[in-house]
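Here is the naming used below: chain letters follow the sequence lines, and residue numbers restart at 1 for every chain. Excluded from the calculations below are hydrogen atoms, water molecules and symmetry mates; all remaining heavy atoms, backbone and side chain alike, are included.
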2 protein chains.
Amino acid sequence: MAETPYAPSRIRALPSWLLGRAAARGHRLVADALAAEGMRMMHHAVLSGVAELGPLSQAELGRTLGIDPKDMVAIVNDLQKDGLVTRTPDPKDRRKNAIEISADGRRRLRRTQQLGDEANAELTAALTPDEREQLIALLTRIALPVE
Amino acid sequence: MAETPYAPSRIRALPSWLLGRAAARGHRLVADALAAEGMRMMHHAVLSGVAELGPLSQAELGRTLGIDPKDMVAIVNDLQKDGLVTRTPDPKDRRKNAIEISADGRRRLRRTQQLGDEANAELTAALTPDEREQLIALLTRIALPVE
DNA sequence: TGGTTATCGTTGGGGGACCCAATGAAGCCC
DNA sequence: GGGCTTCATTGGGTCCCCCAACGATAACCA
């Protein structure tokens with residue numbers, strides 16, 4: 001491939017720029033890995049959230065994962081169409097849908113979790129386990145709005 | 001506003017996920033700040049690159065900043081339209097355009113650099129200067145493909 | 001020298017993530 | 001009971017990223 005000069009540039013020392021680059025690479029790695037199972041990042045994230053947090057509404061899912069309600073509709077549609085989750089009206093609150101993972105969903109999740117972990121290992125391959133933990137800790141502290 | 005539960009989720013411990021969140025917040029902060037000058041992130045990045053690396057071709061700019069040639073065309077169009085850069089045919093190589101920053105471009109860059117720095121300060125406000133340097137160092141090592 | 005290969009700017013198309021506003025239905029609070 | 005809120009859904013929009021192709025030009029090399 002072509003040799004990229006990557007001359008020093010003021011821009012590339014800014015956290016926001018580095019975050020964008022690193023996130024793009026991470027997204028590429030994970031998305032490519034998940035594509036082997038016909039899944040996308042958001043689908044995997046939602047499936048993982050549903051598996052952990054039990055049956056819950058789309059709004060709750062969206063809040064915990066930071067996903068827009070509009071996008072959530074499409075994601076749950078896809079997951080439901082593939083039989084990975086069930087969407088049943090909540091008898092307690094008829095506005096809500098109770099989203100729950102299915103047996104197929106659990107099986108799929110096992111594989112996508114594996115793929116996601118591998119992709120993240122490759123993403124952080126240049127780091128020691130200690131450094132990886134440092135990175136996670138630092139990112140956690142700047143990822144959220146101050147509120 | 002609604003209380004976001006942010007219950008523990010396996011997804012949110014993954015570097016790729018955290019990177020996506022942090023990058024989104026960084027982009028929001030920087031983009032909002034630059035919007036005050038009518039600039040977008042990519043425009044500022046290109047302007048900064050041109051200022052540092054002197055007159056150079058669009059392809060070289062794209063390689064150093066990781067910007068797609070297609071997007072570079074639009075960005076340079078905008079910058080040229082605003083009189084911030086000049087695009088002149090390179091006499092040495094008539095395929096290339098020599099992009100160079102103008103006096104107006106330098107003035108604009110001074111302001112946008114200030115705004116970008118402030119936004120990045122806010123982005124990393126929760127970190128000590130030491131931790132900020134750590135984060136930059138770690139990100140630098142995972143931002144680039146292995147090559 | 002002539003033919004192949006590569007690069008440059010440009011145009012075209014497309015996808016994924018993110019965000020905002022509005023709607024009807026349903027629950028909540030007083 | 002009336003006002004406010006929440007829920008799922010629909011619609012519209014922006015930005016960044018990637019791939020493919022093209023005509024023009026340059027570089028390579030036998």
Side-chain angles (χ1 to χ4, degrees), chain A residues 1-5 16-17 19-32 34-35 39-46 56-63 65-78 80 87-99 143 145, chain B residues 1-5 11 16-17 19-32 34-35 39-46 56-63 65-78 80 85 87-99 143 145:
Chain A
M1 58 203 70
E3 181 50 34
T4 45
S16 58
W17 183 262
L19 280 171
R21 295 279 121 187
R25 186 163 98 92
H27 179 266
R28 210 179 311 130
L29 287 170
V30 174
D32 287 352
L34 293 184
M39 294 273 283
R40 279 176 296 174
M41 251 183 52
M42 285 310 190
H43 291 68
H44 172 234
V46 169
L56 75 173
S57 70
Q58 298 179 194
E60 287 165 325
L61 262 177
R63 276 193 295 271
L65 295 173
I67 295 179
D68 191 85
K70 171 192 181 61
D71 302 324
M72 185 64 72
V73 172
I75 294 171
V76 175
N77 280 346
D78 292 340
Q80 187 184 26
R87 171 156 50 183
T88 54
D90 186 339
K92 305 281 183 193
D93 186 338
R94 294 186 9 244
R95 293 171 305 175
K96 300 185 182 179
N97 289 334
I99 312 295
Chain B
M1 57 213 63
E3 180 52 33
T4 45
I11 282 292
S16 57
W17 182 262
L19 281 171
R21 295 279 121 188
R25 186 163 97 93
H27 178 265
R28 212 178 311 132
L29 287 170
V30 174
D32 287 351
L34 292 184
M39 295 273 284
R40 279 176 298 175
M41 250 184 53
M42 285 307 187
H43 292 69
H44 172 235
V46 168
L56 77 172
S57 72
Q58 298 180 194
E60 288 165 324
L61 262 177
R63 276 193 296 270
L65 294 174
I67 295 179
D68 191 86
K70 172 192 181 61
D71 302 323
M72 184 63 72
V73 172
I75 294 171
V76 175
N77 280 347
D78 293 340
Q80 187 185 24
V85 302
R87 170 154 54 181
T88 54
D90 186 340
K92 307 280 185 194
D93 185 340
R94 301 198 348 253
R95 293 170 305 177
K96 299 184 181 177
N97 289 335
I99 312 296

Summary of protein contacts for nucleotides 21-30 of chain C, nucleotide by nucleotide, where a base hit scores B, a sugar-phosphate-only hit scores S (4.0 Å, heavy atoms):
----BBS---
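Counting heavy atoms from C-beta on, the side chains of B:Val46 and B:Leu61 come closer than 4.5 Å. Side-chain contact check for B:Asp71 versus B:Met42: every heavy-atom pair is 4.5 Å or farther apart. The shortest side-chain heavy-atom distance between B:Leu19 and A:His27 does not fall under the 4.5 Å cut-off.
At D:dC17, none of the side-chain N or O atoms of A:Arg28 fall inside 4.0 Å of OP1 or OP2 (strictly under the cut-off). A close approach under 4.0 Å does occur between a side-chain nitrogen or oxygen of B:His27 and OP1 or OP2 of D:dC16. Between A:Gln58 and D:dT9, a side-chain N or O to OP1/OP2 separation shorter than 4.0 Å is present. Residue B:Asn77 places no side-chain N or O under 4.0 Å from the OP1 or OP2 atom of C:dG9.
The side chain of A:Arg87 has D:dT9 as its nearest neighbour among C:dT11, D:dT9, D:dC18. Residue B:Arg21 places its side chain closer to C:dC18 than to any other of C:dC18, D:dC7, C:dG9. For A:Met41, whose side chain is taken as the heavy atoms from C-beta onward, the closest listed nucleotide among C:dA17, D:dC17, C:dC18 is C:dA17.
Look at CD1 on A:Ile75: it is 13 Å from P on D:dA8, rounded to the nearest Å. Atom P of nucleotide C:dC18 and atom CG of B:Leu29 are separated by 15 Å, given to the nearest angstrom. In this structure, A:Glu60 places its CD atom 19 Å from P of D:dT5, rounding to the nearest Å. For the pair B:Gln80 CD and C:dG9 P, the computed distance is 13 Å after rounding to whole Å.
Nearest-nucleotide positions on DNA chain C for B:Trp17 and B:Leu56 put B:Leu56 closer to the 5' end.
Considering all non-hydrogen atoms of both residues, A:Val73 and A:Arg87 come closest at O-NH1, 4.3 Å.
Contact annotation for A:Met42: backbone-only contact, meaning every heavy-atom pair under 4.0 Å involves sugar-phosphate atoms and none involves a base. Residue-level contact check: B:Met72 touches neither bases nor backbone, having no heavy atom under 4.0 Å from any strand.
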